[in-house]
Amino acid sequence: MTFTKSVGSLEPPFRKALCEAIGAPELYELSMKSDEESGIRFKTAVRLAFRERDFQEWQEIFAEFEACAEPVLTFTEATEHPQLKERGMIVEVPDGKGNVQRQIACPIKTSVFTPEYKHAGLKPGQNNAEILRTPNR
């Protein structure tokens, strides 16, 4: 299975945790060097390490390390993520054809207003004529 992991372990503590998580603590010193060759060798070693395990195994490993490494999810996978569900970040919106379409909710949560989701987004340019006929308000 192919998967993508976002790795932003730039600061030393996170970089060290990354090296430990992939089972190669010896890479830490190499990773902190500033020459191009060392950077290439480090990135190659990390890339090869990621190929040794599947998505679920890396999820379990990185759950134990604060290494700024997260999976890059598809939209469908993201809609099932516990954090997005808990925060009410996925809504079902009428698509105008009698069905619903899942989309990202308004991230602003406040008692001042409640967002309304009346319809799914339109194709670019689909309602240009209607908008151009509407007087400025």
Side-chain angles (χ1 to χ4, degrees):
M1 176 182 155
T2 301
F3 67 92
T4 304
K5 195 108 178 126
S6 171
V7 179
S9 308
L10 301 178
E11 298 173 21
F14 300 119
R15 182 68 57 88
K16 186 174 184 183
L18 171 67
C19 294
E20 292 170 0
I22 66 171
E26 69 281 0
L27 287 177
Y28 176 71
E29 291 300 323
L30 176 68
S31 77
M32 298 311 290
K33 294 181 179 179
S34 60
D35 63 285
E36 185 177 355
E37 183 183 334
S38 295
I40 291 170
R41 288 179 37 217
F42 173 71
K43 289 177 183 179
T44 299
V46 170
R47 190 176 300 112
L48 292 173
F50 275 125
R51 292 180 182 164
E52 294 176 8
R53 299 179 189 271
D54 66 24
F55 178 82
Q56 190 57 44
E57 289 174 305
W58 284 120
Q59 286 295 91
E60 292 169 9
I61 289 168
F62 279 105
E64 303 297 320
F65 290 89
E66 191 169 333
C68 293
E70 295 293 331
V72 177
L73 303 176
T74 65
F75 181 75
T76 301
E77 291 168 332
T79 64
E80 298 302 321
H81 193 280
Q83 185 177 27
L84 291 182
K85 283 183 166 184
E86 179 66 27
R87 292 183 177 181
M89 289 301 303
I90 304 299
V91 292
E92 291 186 344
V93 180
D95 69 358
K97 300 174 187 172
N99 301 310
V100 294
Q101 174 178 311
R102 295 173 107 189
Q103 65 184 41
I104 298 171
C106 177
I108 301 168
K109 308 296 183 195
T110 176
S111 60
V112 176
F113 72 93
T114 302
E116 292 184 38
Y117 304 98
K118 297 178 182 178
H119 58 82
L122 303 174
K123 293 180 181 176
Q126 185 174 337
N127 62 341
N128 284 359
E130 176 187 345
I131 291 170
L132 291 172
R133 283 192 304 268
T134 304
N136 293 337
R137 295 180 198 189

### Message
Is there a side-chain contact between I40 and E37 in this structure, where contact means two heavy atoms from C-beta onward sitting under 4.5 Å apart?
### Response
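Heavy-atom side-chain distance check fails, nothing below 4.5 Å.
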### Query
Heavy atoms, side chains only, cut-off 4.5 Å: are C19 and F42 in contact?
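The answer is yes, as the side chains (C-beta and beyond) meet within the 4.5 Å cut-off.
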### Task
May I ask you to decide if E20's main-chain N or O and Y28's side chain share a donor-acceptor pair within less than 3.5 Å?
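No.
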### Query
With a cut-off of 6.0 Å (strictly less than), are more than 12 heavy atoms of other residues, nucleotides or ligands near CD of E11?
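Atom CD in E11 is not packed in, count stays at 12 or less.
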### Query
Around atom CD of E86, are there more than 12 heavy atoms of other residues, nucleotides or ligands at under 6.0 Å?
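Incorrect, the count does not exceed 12.
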Any side-chain hydrogen bond (donor to acceptor under 3.5 Å, both in side chains) pairs touching [range], not counting sequence neighbours?
| range | result |
| --- | --- |
| residues 94-105 | T79-R102, E80-R102 |
| residues 61-76 | T74-E77 |
| residues 38-48 | D35-S38 |

### Task
May I ask you to decide if the ring planes of W58 and F62 are parallel, tilted or perpendicular, using 30° and 60° as cut-offs?
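Aromatic pair W58/F62 classed tilted.
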Residues in side-chain hydrogen bond (donor to acceptor under 3.5 Å, both in side chains) with [X], at least two apart?
| X | answer |
| --- | --- |
| S9 | none |
| E36 | none |
| Q59 | K5 |

### Connected-component partners of F14 among ILVMFWY, side-chain separation under 4.5 Å
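F14 clusters with nothing; isolated.
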### Task
Kindly give the cluster partners of F75, where membership spreads through any ILVMFWY side chain lying under 4.5 Å from a current member.
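Same cluster as F75: L84, M89, I90, I104.
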Which atom pair, heavy atoms only, marks the closest approach of [X] to [Y]?
| X | Y | value |
| --- | --- | --- |
| A120 | V93 | N-CG1, 3.3 Å |
| I61 | A21 | CG2-O, 3.4 Å |
| C106 | K109 | O-NZ, 3.1 Å |

### Message
Please report the interatomic distance CD1(I22) to CZ(F50), rounded to the nearest 0.5 Å.
### Response
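So the gap between those two atoms works out to 7.0 Å.
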### Task
Please identify each residue that fulfils side-chain contact (heavy atoms from CB on, under 4.5 Å) with T110, with sequence neighbours left out.
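Partners of T110 by the side-chain contact (heavy atoms from CB on, under 4.5 Å) criterion, ordered by chain and then number, come out as I108, V112, F113.
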### Task
Not counting sequence neighbours, which residues clear side-chain contact (heavy atoms from CB on, under 4.5 Å) with E57? List them please.
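Residues passing side-chain contact (heavy atoms from CB on, under 4.5 Å) with E57: R53, D54.
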#### Entry: Sequence neighbours excluded, every pair satisfying salt bridge (charged side-chain N to carboxylate O under 4.0 Å, His left out) that has a member inside residues 110-120
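Listed by first then second residue: E116-K118.
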### Task
Taking salt bridge (charged side-chain N to carboxylate O under 4.0 Å, His left out) as the test, write out the residues that go with K123, two or more places apart.
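Residues passing salt bridge (charged side-chain N to carboxylate O under 4.0 Å, His left out) with K123: none at all.
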